[in-house]
Amino acid sequence: VQLQASGGGLVQAGGSLRLSCAASGRTFSTYRVGWFRQAPGKEREFVGLIRWSGGSTSYADSVKGRFTISRDNAKNTVYLQMNSLKPEDTAVYYCTAGSTYFYGSASTWEYWGQGTLVTVSS
């Protein structure tokens, strides 16, 4: 599976951005698709995931209520809608896919996109 993340940019605090993660080479149909982020000098941090089968989602406490993950089956694409952005959300955001149950750990995911930078100014 090849993953392509896009949609990052510069936004003011309180604003919104929508990231996209498009898959090629294989569909997402049997996978979980997750989002992680990594701020400078920090470890890669779990943001959330969607289970392709059924569409249920899970989120980190730090983004719960502000971020929403959704999917478009026809486009084989997953979205991360980010609202009420804060300066501490500034990071490179990565999409990932895999079958892991230990989804909070980046090392357990199988496929990674290249990352897209989100910068939130105060």
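Quick note: numbers below take in every heavy atom, side chains included, and nothing from hydrogens, waters or symmetry partners. Along the sequence shown, residues are numbered consecutively beginning with 1.
- In this structure, the side chain of T108 engages the main chain of S105 through a donor-acceptor pair within 3.5 Å.
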Set out, in order, the CA-CA distance, both residues' side-chain angles and the distance that settles side-chain hydrogen bond (donor to acceptor under 3.5 Å, both in side chains) for R18 and Y79, then state yes or no. CA-CA 7 Å; R18 189 178 78 159; Y79 303 99; 4.6 Å; no
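- Within the cation-pi definition used here (under 6.0 Å to the ring centroid, within 45° of the axis), R32 does not qualify as a partner of W109.
- In this structure, the side chain of Q114 engages the main chain of A5 through a donor-acceptor pair within 3.5 Å.
- In terms of heavy-atom proximity, S99 sits nearest to E110 at N-OE2, 3.2 Å.
- Considering every non-hydrogen atom in both S122 and A13, the closest pair reads CA-CB, 4.3 Å.
- Of all heavy-atom pairs spanning K42 and Q38, the tightest one is O-NE2, 3.1 Å.
- For Q12 (side chain) and V120 (main-chain N/O), no donor-acceptor pair under 3.5 Å exists by modelled atom type.
- Atom OG of residue S62 and atom CG of residue D89 lie 7.5 Å apart, to the nearest 0.5 angstrom.
- Using modelled atom types and a 3.5 Å distance limit, the side chains of R51 and S58 yield a donor-acceptor pair.
- Remark: the backbone N or O of G98 is not paired with any side-chain donor or acceptor of T100 at under 3.5 angstrom.
- Applying the ring pair (Phe, Tyr, Trp, His ring centres under 6.0 Å) test to residues at least two apart or on different chains, the pairs with a partner in residues 37-76 are F28-W52, F36-F46, F46-Y103.
- In this structure, T90 contributes its side chain and T119 its backbone to no donor-acceptor pair below 3.5 Å.
- Q4 is not listed as a side-chain neighbour of C95, based on a closest heavy-atom distance of 4.5 Å or more.
- Atoms NZ and CZ, on K86 and R66 in that order, are 4.5 Å from each other to the nearest 0.5 Å.
- Closest heavy-atom contact between S16 and N83: OG-OD1, 2.9 Å.
- T116 has its side chain within reach of L19: a pair of non-hydrogen atoms, C-beta onward, lies under 4.5 Å apart.
- R71 and G55 make their closest contact through NH1-CA, 2.9 Å (heavy atoms, listed as atom of the first residue, atom of the second, distance).
- A pairwise comparison of heavy atoms in A23 and L3 identifies CB-CD2, 4.0 Å as the closest pair.
- The side chain to side chain contact (heavy atoms under 4.5 Å, CB included) with W35 is formed by just one residue from the set V78, I50, V63; it is V78.
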Working for side-chain hydrogen bond (donor to acceptor under 3.5 Å, both in side chains), residues T77 and D72: CA-CA 5 Å; T77 298; D72 185 324; over 6 Å; no
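- You'll find the side chain of V118 reaches within 4.5 Å of the side chain of L17, heavy atoms only.
- A heavy-atom distance below 4.5 Å is not found between the side chains of Y111 and Q2.
- Note on D61 versus K64: salt bridge recorded, some NZ/NE/NH1/NH2 to OD/OE distance being below 4.0 Å.
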